Amino acid sequence: MSAATTRSRTPDRLCAEAVDLARTAADEAAAPGVVGGHVSLVPEGDRVVTHFFECREAGYRGWRWAVTVARASRAKNVTVAEAVLLPGPDALLAPEWVPWSDRLRPGDLGPGDLLPTDADDLRLEPGYSGEDAPPPNSAVSEEMADRVDAEDAEIVTRTPARGGIASVAEELGMRRARVLSRYGLHVAADRWEDSFGAKTTMAQSAPASCQSCGFLMPLSGSLKQAFGVCANEFSPADGRVVSLSYGCGGHSEAAVMPKPPRPAPPVHDSTRADEFPLRPAPDSGSVPDHAETTAQDEDLGHS
C-alpha cells in the first residue's frame, strides 16, 4: 500500500487554491465557451489535487472537465499534470459493448447475411470428409511416403471408385465437414419443445396431440420418436417442427364435419304452359289510366 493511501487525504492548500490555473488549462484543452463553473475538487495524493469543471458541450450531459495540478516537495509553484474530459456520476454514457455473438437473436439473419460458426462449436462435430483409408502397404500411407525417393516410386492420387466408402457417403449426402453433435441435437430439441411442446397454452387446450394427427409428417432418425413437421396450413405450427405431445384445434380428427346435404335438382314441368298476361291488371297500380295509354298508343301508331 502506498504512502498516499495511508496518509490523510486532506487537499494541499496551494493546489486547492489553483482554480484559475486549472480553468486556464481546461480552456486550452476544450473549445471556447465549453468549460463551465467549478464543481468540486478531489485530493489524489500528497500535493496532488484534481479540479472538476462543468462541461457545456452539447451531447456530453453530466460530463466534467478534470484538471489535475501538483507541486513538488517544498515548492510553491503549482503545475498542471493533465486535463481530460471524464464522465460524472449521472453522465450520459453509451451502453456497454456486447460481442455480436451475444447480441444475435433468432430471426436476425437476413438475405445476404453470413453467420460464422466457431471451429470448436459444441453443437457440431466432425463428419466424414476424407477419402478411403489407404492400406498399410499403400504408396500414399505414412509408412511408405518416406520411401518414395529411395524406391523411385510415384504417388498417384485417385478418386474413390464407385462402391467405395467415400462415394457411398457422397451419394447418401453424408460427406460434410461437420455434422450435428449430440449436444446440438439436445439443444435443438429443447428449443423446439419450448416453442411447440406440451407445456404451451395451445397444446394444453387442444383436443388431441399431434401424435394422432393426420397432418403430422414424422422426421427420420432418432428425432422420429419425439418430433415431426406440421403440414396443416391453418395450424399456427404449419411448416414448423412440433413435438408429438403438442396439439392445436386443427387436429385432423378433432371435429369431423359431415358433408353438407346436396339439394335436389330442380323439377321442370314440360307438360303444361304457364299463362302470362301481356299487360298488368288495371287495378294493380303499376300502369297509368286507360285514357293516357290510349293516347300514347295513338301517338306511337299502335292500334
Side-chain angles (χ1 to χ4, degrees), residues 98-133 159-262:
V98 180
W100 69 267
S101 57
D102 297 338
R103 300 195 306 266
L104 192 64
R105 294 293 180 268
D108 292 346
L109 193 65
D113 296 340
L114 298 179
L115 179 60
T117 55
D118 297 335
D120 54 350
D121 196 325
L122 298 178
R123 300 171 301 172
L124 301 172
E125 62 183 11
Y128 182 83
S129 59
E131 305 293 346
D132 291 335
T159 57
R162 182 174 180 84
I165 299 178
S167 60
V168 173
E170 185 173 2
E171 291 181 3
L172 296 178
M174 299 173 57
R175 291 196 68 183
R176 292 175 290 172
R178 290 187 292 177
V179 296
L180 194 65
S181 63
R182 183 172 294 273
Y183 170 77
L185 183 63
H186 289 177
V187 171
D190 293 341
R191 186 172 61 252
W192 297 337
E193 186 71 28
D194 293 339
S195 301
F196 298 98
K199 296 182 180 180
T200 59
T201 306
M202 181 67 71
Q204 294 178 0
S205 59
S209 62
C210 294
Q211 187 173 6
S212 58
C213 182
F215 295 107
L216 180 72
M217 299 174 59
L219 298 179
S220 61
S222 59
L223 292 177
K224 182 179 181 180
Q225 304 175 4
F227 296 97
V229 178
C230 179
N232 188 353
E233 60 178 329
F234 301 106
S235 172
D238 179 37
R240 304 291 187 89
V241 178
V242 296
S243 173
L244 297 184
S245 58
Y246 180 75
C248 68
H251 194 281
S252 60
E253 310 302 326
V256 181
M257 299 181 61
K259 294 183 179 181
R262 188 173 182 178

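We number each residue from 1, following the sequence as shown. Only this structure's heavy atoms are used, side chains among them; waters, hydrogens and symmetry mates stay out. The structure displayed is predicted, hence computed values, not measured ones.
Taking Asp120 as the reference, Asp118 meet the side-chain contact (heavy atoms from CB on, under 4.5 Å) condition, with sequence neighbours excluded. Qualifying side chain to side chain donor-acceptor pair (under 3.5 Å) partners for Arg178, counting only residues two or more places apart in sequence or in other chains: Thr117. Residues meeting the salt bridge (charged side-chain N to carboxylate O under 4.0 Å, His left out) test with Asp121, sequence neighbours left out: Arg123. For Arg262, the side-chain contact (heavy atoms from CB on, under 4.5 Å) criterion is met by no residue, not counting sequence neighbours. In this structure, Ser195 has no side-chain contact (heavy atoms from CB on, under 4.5 Å) partners at least two apart in sequence or on a different chain.
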Just distance, no hydrogens or angles: give the donor-acceptor pairs under 3.5 Å from side chains in residues 214-237, sequence neighbours left out.
residue : atom : partner : partner atom : Å
Asn232  : OD1  : Phe234  : N            : 3.2
Asn232  : ND2  : Gly250  : O            : 2.9
Ser235  : OG   : Ala237  : N            : 3.2

Hey, can you pull the donor-acceptor pairs under 3.5 Å for the side chains in residues 200-212, sequence neighbours left out?
residue : atom : partner : partner atom : Å
Thr200  : OG1  : Gly197  : O            : 2.8
Thr200  : OG1  : Ala203  : N            : 3.4
Gln204  : NE2  : Lys199  : O            : 3.4
Ser205  : OG   : Thr201  : O            : 3.1
Ser205  : OG   : Met202  : O            : 3.3
Ser212  : OG   : Ser209  : O            : 3.4
Ser212  : OG   : His251  : NE2          : 3.0

Without placing hydrogens or testing angles, list every side-chain donor-acceptor pair under 3.5 Å for residues 185-193, not counting sequence neighbours.
residue : atom : partner : partner atom : Å
Glu193  : OE1  : Ser243  : OG           : 3.2
Glu193  : OE2  : Ala198  : N            : 3.4

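Here the side chain of Asp102 pairs no donor or acceptor atom with the backbone of Pro99 at under 3.5 angstrom.
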